[in-house]
Amino acid sequence: MGQVAGEKPGQRGAVYEGKMPLPYSDPPLKDRPKRPCSKCGRKFQPTAKRRMLCEHCYRAAD
């Protein structure tokens with residue numbers, strides 16, 4: 001196995017040691033006020049995944 005550019009010999013890649021988030025979680029963005037959905041106009045709390053669409057419109061878009 002060859003050396004990757006920028007790696008020192010014997011250096012390993014970084015390993016994430018924190019608690020991994022659940023793949024289905026969509027935590028709300030902190031300190032963000034509710035905003036209108038850009039599609040239907042319904043007020044919703046923006047989340048990490050959904051910043052422009054409410055949950056209903058986001059799921060319908062899939």
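Bear in mind that the values here come from a model prediction, so they are computed numbers and not experimental data. For the numbers below, each heavy atom of this structure counts, side chains included, while hydrogens, waters and symmetry mates do not. By convention here, the first residue in the shown sequence is residue 1.
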Results of side chain to side chain donor-acceptor pair (under 3.5 Å) for Glu55 - residues two or more places apart only: Arg59
Among Ile, Leu, Val, Met, Phe, Trp and Tyr joined by side-chain contacts under 4.5 Å, find the other residues sharing a cluster with Met52 and list them by chain and number. none
Pick from Lys34, Arg42, Lys39: which one makes a side-chain contact (heavy atoms from CB on, under 4.5 Å) with Cys54? Arg42
Arg35, CZ atom: more than 12 neighbouring heavy atoms under 6.0 Å: yes
Does Gln45 reach the main-chain N or O of Pro33 with its side chain, forming a donor-acceptor pair under 3.5 Å? no
Listed partners of Thr47 passing side chain to side chain donor-acceptor pair (under 3.5 Å), at least two apart: Asp26
Measuring from His56:NE2 to Cys37:SG, what's the distance to the nearest 0.5 Å? 9.0 Å
For a quick test of reading the model, state the closest non-hydrogen atom pair linking Arg51 to Pro46 and the distance between them. CA-CB, 4.3 Å
When clusters are formed from ILVMFWY side-chain contacts under 4.5 Å, directly or step by step, what else is grouped with Leu53? Tyr58
